[in-house]
S.K.: 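Right, I'll just put the structure down here and ask away after.
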2 protein chains.
Amino acid sequence: MALSHAILVAIAEMPCSGYDLSKRFAGSVGYFWYASQQQIYRELAKMEEQGYLSGTIVHQEGRPDKRLLTITEAGRELLCSWIATPTEVSPIKDDLLVKVFGGGQVSPSVLLRELQNHQNQHQVTLQTYRSIEAECFHQPVEVMPWDKRCRYLTLRNGIRYEESWLAWCEEAIAALNLETNVEANTNVEANTEVAVSRPS
Amino acid sequence: MALSHAILVAIAEMPCSGYDLSKRFAGSVGYFWYASQQQIYRELAKMEEQGYLSGTIVHQEGRPDKRLLTITEAGRELLCSWIATPTEVSPIKDDLLVKVFGGGQVSPSVLLRELQNHQNQHQVTLQTYRSIEAECFHQPVEVMPWDKRCRYLTLRNGIRYEESWLAWCEEAIAALNLETNVEANTNVEANTEVAVSRPS
DNA sequence: ACTAAATACTCACCTTGTTGAGTATAACGT
DNA sequence: ACGTTATACTCAACAAGGTGAGTATTTAGT
């Protein structure tokens with residue numbers, strides 16, 4: 001039970017079709033719980049069967065019919081009791097950290113490229129978040145309605161997360177550059193260096 | 001291909017048995033790519049079959065025999081080429097953020113409890129990381145050998161990550177408390193409030 | 001009429017992750 | 001002798017997630 005919760009949260013916020021949901025999962029909820037379209041449809045079918053959602057076919061002008069999904073009372077109860085149940089902090093699964101941990105296997109320059117790659121990506125995401133903040137949340141927190149304030153807090157988390165990554169990228173790149181200055185003279189290829197720089 | 005990389009990184013750092021590996025996945029590599037014992041053994045079997053690892057039975061004094069796993073040349077090449085291949089930033093999957101996003105469904109006090117719960121957990125983890133930093137990485141970065149420096153950087157990332165979460169928890173709790181002061185008078189239960197506080 | 005694109009949804013297969021139990025060896029305490 | 005703990009590893013079943021293709025409907029451009 002995890003994707004189902006993200007779906008409940010999204011449908012509770014605003015009823016929509018499976019197709020719309022998968023679109024919404026590209027932003028908002030999707031920023032901290034992504035799921036593919038196929039995953040969403042599969043989960044929706046299960047949740048409707050279990051009575052947490054109910055769907056009604058809506059005839060539309062100028063486009064195919066859609067099944068509008070709304071949260072049922074059972075669904076809302078499930079959602080609320082899940083929110084109220086204490087959970088453990090979600091574990092991290094991060095490619096880059098695995099790479100850096102095993103960085104001893106490759107040359108500093110190889111790692112540096114990846115760090116810069118990720119630095120760029122985090123910069124772009126941060127910009128996106130900042131734009132959303134400026135457009136949707138320009139009013140002071142005190143006057144925001146309760147549910148909007150909640151959504152704003154998740155955005156604030158995203159901003160802090162990206163800032164934290166960027167600060168670390170700076171630190172890591174600086175720590176690597178202490179090494180690459182020396183290495184610049186040797187001028188070796190990534191895979192050659194692998195064998196060379198190995199301490200064994 | 002993801003758990004396999006974390007395994008390669010760990011075995012490359014130091015050859016060990018499957019049992020030892022699963023122990024090591026409780027700390028170090030496991031901090032950013034956890035896997036259960038069963039998952040590890042399953043993956044190890046596959047990787048040995050594919051020739052990325054080779055295992056030899058080692059007779060031990062005073063304990064059962066073990067299969068010591070070492071990385072092969074093929075394994076090291078796979079690892080190095082994976083590290084050198086640019087990747088996308090790993091997506092976030094976070095329970096708490098889903099909860100906060102859907103916080104409009106429950107009363108501020110329910111959310112507050114969960115925030116404090118997570119705040120405590122992050123404090124504990126940060127303490128752990130700081131202890132490791134003090135014990136294992138007290139020397140200045142400039143004099144650390146290359147591979148040690150890499151491992152240190154992952155720890156630094158962990159420290160920043162926890163600090164960032166803690167700062168956000170503070171902010172979120174403050175934003176919630178603007179609300180709970182008002183709510184304290186009404187004195188309602190979580191599930192009752194759900195129906196009451198709903199804006200629909 | 002034809003094509004491309006957006007909407008709306010489905011099916012099948014495979015890998016990864018989770019749960020829970022089960023086997024065997026040896027040390028250590030009582 | 002007996003139970004406990006630590007080491008070392010195995011098996012089975014299922015849920016969750018990822019990949020890729022496929023089917024309609026309707027708009028809009030050429």
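Throughout, a chain's letter reflects where its sequence line sits, starting with A, and its residues are numbered from 1.
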S.K.: What is the distance from CZ of A/Arg24 to P of C/dT7, rounded to the nearest Å?
M.R.: 15 Å
S.K.: State plainly whether one hydrophobic cluster holds both A/Phe137 and A/Tyr31, where clusters connect Ile, Leu, Val, Met, Phe, Trp and Tyr through side-chain heavy atoms under 4.5 angstrom apart.
M.R.: yes
S.K.: Which nucleotides of nucleotides 21-28 of chain C have their base under 4.0 Å from a protein heavy atom (B), which only their sugar-phosphate (S), and which neither (-), written as one string 5' to 3'?
M.R.: ----BSS-
S.K.: Rounded to the nearest Å, what distance is computed from the NZ atom of residue A/Lys93 to the P atom of nucleotide D/dA16?
M.R.: 16 Å
S.K.: Here's a test of your reading of the structure: between A/Arg67 and B/Gln39, which maps to the more 5' nucleotide of DNA chain C?
M.R.: A/Arg67
S.K.: Take the protein atom NE2 of A/His59 and the nucleotide atom P of D/dT26, then report the distance between them rounded to whole Å.
M.R.: 11 Å
S.K.: Please report the distance, rounded to the nearest Å, between OH in B/Tyr19 and C1' in D/dT10.
M.R.: 14 Å
S.K.: Mind checking salt bridge (Lys or Arg N to Asp or Glu O under 4.0 Å) for A/Arg42 and listing every partner two or more places apart, or none if nothing turns up?
M.R.: none
S.K.: What about B/Phe101 and A/Phe32, are their ring centers closer than 6.0 Å?
M.R.: yes
S.K.: Verify, without hydrogens or angle tests, whether B/Gln60 (side chain) and B/Pro64 (backbone) share a donor-acceptor contact under 3.5 angstrom.
M.R.: yes
S.K.: In whole angstrom, what separates A/Glu48's CD from C/dT10's C1'?
M.R.: 15 Å
S.K.: Quick one: does any side-chain atom of A/Lys148 pair with a main-chain N or O of A/Cys136 as donor and acceptor, under 3.5 Å?
M.R.: yes
S.K.: If you go through the side-chain atoms of B/Arg42, does one of them form a donor-acceptor pair with the base of D/dT10 closer than 3.5 Å?
M.R.: no
S.K.: Please state how far atom NZ in A/Lys66 lies from atom P in C/dT10, giving the value in whole angstrom units.
M.R.: 15 Å
S.K.: Calculate the interatomic distance between B/Leu69 atom CG and D/dA8 atom C1'; express it in whole Å.
M.R.: 12 Å
S.K.: Hey, does A/Ser17 reach any base, or is it just sugar-phosphate, or nothing, if we go heavy atoms under 4.0 Å?
M.R.: sugar-phosphate
S.K.: Ignoring hydrogens and geometry, is there a side-chain-to-backbone donor-acceptor pair from A/Glu162 to A/Thr125 under 3.5 Å?
M.R.: no
S.K.: So B/His118 and B/His122, would you call those rings parallel, tilted or perpendicular, with 30° and 60° as cut-offs?
M.R.: tilted
S.K.: Starting at atom CD1 of A/Ile40, determine the distance to atom P of C/dA8, rounded to an integer number of angstrom.
M.R.: 14 Å
S.K.: Pick the nucleotide of DNA chain C nearest each of B/Trp33 and A/Tyr41; which residue has the one closer to the 5' end?
M.R.: A/Tyr41
